[in-house]
Amino acid sequence: MMVEAGTDPPSRVDLLWIPLGAGAHSVRFNGKAYEALAALRERRARQDIYHSALQVSVPDGRFVIEVTPIPDMHGEMRGVVGEGPVGTRWAGRLRIFRYEIRRWRDGVIPDAGAAIASPVRVTDERDRAHRILDLVPSVPTPVWGRDELRAGEMWNSNSVISWLLDRAGIETDDIQPPPNGRAPGWSSGLVVARRP
């Protein structure tokens with residue numbers, strides 16, 4: 001169950017909805033093109049696309065959890081705990097076609113200032129906050145943008161966040177992106193998290 005953000009208990013997990021491509025022109029353009037094609041194929045109106053990230057605070061520190069492209073080879077400085085290929089497995093041999101999963105102590109989410117209707121407090125339970133932090137290194141790392149895990153939708157940053165929340169026992173049914181928005185990949189994370 002979601003709780004209102006605004007108070008700051010010692011432990012908390014906040015979800016951020018960041019417009020796809022905030023701060024990156026090419027990502028924004030590609031996202032708009034993808035959404036235009038998806039809307040045409042599904043015969044619906046276009047929607048805004050969101051990327052999700054988490055801010056986790058526990059008594060011994062504050063962490064950000066996000067999936068991003070790999071900017072350089074110094075991942076330990078950003079709390080990188082996992083990597084995966086983008087688009088195709090063979091292209092993943094090149095750094096520019098790889099993504100990283102961060103569990104970054106005292107880290108930053110560069111586009112947090114662009115977040116819409118955020119932060120959304122998803123829990124203030126210490127055990128669940130610690131569980132999320134413990135789970136991050138075990139997130140699946142299939143090809144980003146593909147459905148290798150046969151979950152019915154591509155795997156991406158939203159999949160990672162929904163997987164973590166569900167595996168940590170946080171109720172996800174009421175979590176929705178901002179109005180007129182969608183978070184592609186969110187449902188695939190839930191499908192995979194709920195498998196035995």
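The residues of the chain are indexed from 1 along the displayed sequence. The structure presented is a predicted model; accordingly, all values stated were derived computationally and were not measured.
For the atom pair CG of Asp134 and CZ of Arg103, the computed distance is 7.5 Å after rounding to the nearest 0.5 Å. Atom CG of Asp60 is separated from atom CZ of Arg126 by 8.5 Å, given to the nearest 0.5 angstrom. Rounding to the nearest 0.5 angstrom, the gap separating the CG atom in Leu149 from the CD atom in Glu153 is 12.5 Å. Here the straight-line distance linking atom CD1 of Ile170 with atom OG1 of Thr123 works out to 5.0 Å at 0.5 Å rounding. Interatomic distance, Ile65 CD1 to Leu135 CG, rounded to the nearest 0.5 Å: 9.0 Å. Atoms CG and CD, from Asn180 and Gln47 in turn, are 5.5 Å apart once rounded to the nearest 0.5 Å.
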Practice task
Show the numbers, then the answer: is there a side chain to side chain contact (heavy atoms under 4.5 Å, CB included) between Val120 and Ile175?
Solution key: CA-CA 9 Å; Val120 176; Ile175 298 176; 5.8 Å; no

Handout entry: Evaluation steps, salt bridge (charged side-chain N to carboxylate O under 4.0 Å, His left out), between Asp48 and Arg182
Key = CA-CA 6 Å; Asp48 298 323; Arg182 68 190 198 94; over 6 Å; no

Handout entry: Verdict with reasoning, Val64 to Val108, per side chain to side chain contact (heavy atoms under 4.5 Å, CB included)
Key = CA-CA 7 Å; Val64 296; Val108 296; over 6 Å; no

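Residues satisfying the salt bridge (Lys or Arg N to Asp or Glu O under 4.0 Å) test with Arg102, not counting sequence neighbours, are Glu100. Here Asp72 pairs with Arg78 under the salt bridge (Lys or Arg N to Asp or Glu O under 4.0 Å) rule; sequence neighbours left out. In this structure, the side-chain contact (heavy atoms from CB on, under 4.5 Å) partners of Ala117, at least two apart in sequence or on a different chain, are Pro178. Not counting sequence neighbours, Arg167 has no partner by the salt bridge (Lys or Arg N to Asp or Glu O under 4.0 Å) test.
Using a 4.5 Å heavy-atom cutoff, the side chains of Ile116 and Pro19 are in contact. Taking 4.5 Å as the limit, every side-chain heavy atom of Ile18 sits out of range of all side-chain heavy atoms of Tyr50. Glu171 has its side chain within reach of Asp173: a pair of non-hydrogen atoms, C-beta onward, lies under 4.5 Å apart. Looking only at side-chain heavy atoms (C-beta outward), Ile109 and Gln55 come within less than 4.5 Å of each other. Leu15 places a side-chain heavy atom less than 4.5 Å from the side chain of Ile161. Using a 4.5 Å cut-off on side-chain heavy atoms (C-beta onward), Ser188 and Met154 make no contact. Side-chain contact check for Ser159 versus Val192: every heavy-atom pair is 4.5 Å or farther apart. Leu190 places none of its side-chain heavy atoms less than 4.5 Å from the side chain of Leu165.
Sorted by first and then second residue, the pairs that involve residues 139-150 and meet side-chain hydrogen bond (donor to acceptor under 3.5 Å, both in side chains), not counting sequence neighbours, are Arg89-Glu148. Screening residues 153-196 for ring pair (Phe, Tyr, Trp, His ring centres under 6.0 Å), with sequence neighbours left out, gives Trp17-Trp186.
With respect to the salt-bridge test (charged N to carboxylate O, under 4.0 angstrom), the residues Asp14 and Arg121 qualify.
Nearest approach of Ser11 to Pro59, heavy atoms of both residues: OG-CD, 3.2 Å. Nearest heavy atoms, Leu16 versus Ala112: CD2-CB, 3.7 Å. Val136 approaches Ile101 most closely through the heavy-atom pair CG1-CG2, 3.7 Å. Looking at every heavy atom in both residues, Arg62 comes nearest to Ser57 through CG-OG, 3.5 Å. Of all non-hydrogen atoms in Leu54 and Ile132, the two that sit nearest each other are CD1-CG2, 4.2 Å. In terms of heavy-atom proximity, Arg95 sits nearest to Ile70 at NH1-O, 3.0 Å.
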